[in-house]
Engineer: 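What follows is a single structure, and I will ask about it in a moment.
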Amino acid sequence: MKATCELCFHRCALDEGQTGLCRARSNRGGEVVPINYGKIVSLALDPIEKKPLRRFHGGSTILSVVSFGCNLRCPFCQNHEISMAGDGELRAEELSPDALAALAEELKPRGGIGAAYTYNEPLIGYEYVRDCADAVHARGMVNVLVTNGTIAEAPWRALLQRIDAANIDLKGFTDAWYRRLGGDLETVKRSITLAAERCHIEVTTLLIPGENDGEDEIRALSRWLAGIRPDIPLHLSRFFPRYRMTDRPPTDVEAVYRLADVAREALAYVYTGNC
Ligand code: SF4
């Protein structure tokens, strides 16, 4: 029996046994299930600033939890080995939500404050993030989400009740650019707006030379963000040639600084990454 996944705007219509575009959700017996549930390809204790979060529990650490798959197709993906992988293509360990929360708690003496769902797109493993977030909260710790913000409104609203901080990618500010990435700008804008009502958020834009690094685009992006709240931190990060975009040099450092000044016309906190 065919089943449609409603988790993101792709709305993949799946035949029995078929896996969606994100490679993490599949039709099993007429029901869409997350096949990456509890399958962890990497765990690491990271400084919170690496997420990046610069105005949330500074100096602390967080347990980064990584699975596989993604619902976008960015040609410049900096984590493509995990984001483009499917089930069985990477060595994965099973970790239950309770085991994950217990591990996060063990890391308290090393500055650990909770768990961060990150590196691949965590929202496609929605049920795992939801269950882990409950287990982490039950132990009095925090949940951090690092995401592309590509999710339908209802599940996003439900998840946000469990999230303490998020860094959301805003990969540019034109519909055409988002279309090239297999995404949808309006969806991401809605996700940022809703998250800003519920939890601490910071936003990251990776500057791709010749694509999304025009002054007008960054000015429009930062003004829109300031319209939600001018104290939302914006991270402007340097691109390095990776995956399917090796035809151009890394973002010029001076250009990053110049665009950061443009963003500061509207926003109180603008950070430059990888400079
Ligand atoms: S979450 Fe995955 S399976 Fe579901 S609609 Fe989006 S891309 Fe398709």
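The chain is numbered in sequence order, starting from 1. Atoms within each ligand, like the ligands themselves, are counted from 1 in listed order.
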Engineer: Could you tell me whether Lys51 and Glu202 have a side-chain N and a carboxylate O separated by less than 4.0 Å?
Structural biologist: no
Engineer: If you measure from the Lys or Arg side-chain nitrogens to the Asp or Glu carboxylate oxygens, is any gap between Glu265 and Arg219 under 4.0 Å?
Structural biologist: yes
Engineer: Atom CD of residue position Glu6 - does it have more than 12 heavy atoms of other residues, nucleotides or ligands inside 6.0 Å?
Structural biologist: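 Yes, the 6.0 Å shell around CD holds more than 12 heavy atoms from other groups.
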Engineer: Any side-chain heavy atom of Arg258 sitting closer than 4.5 Å to one from Glu215?
Structural biologist: yes
Engineer: With a 3.5 Å distance limit and no angle check, can you tell me whether Asp213 reaches the backbone of Leu207 through a side-chain donor-acceptor pair?
Structural biologist: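 A pair under 3.5 Å: no.
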Engineer: Ignoring water, what protein N, O or S atoms are under 2.8 Å from atom 8 (Fe) of ligand 1?
Structural biologist: Cys12 SG
Engineer: For the residue pair Arg54 / Tyr269, report whether a side-chain donor-acceptor contact shorter than 3.5 Å exists.
Structural biologist: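 No, no side-chain donor-acceptor contact under 3.5 Å.
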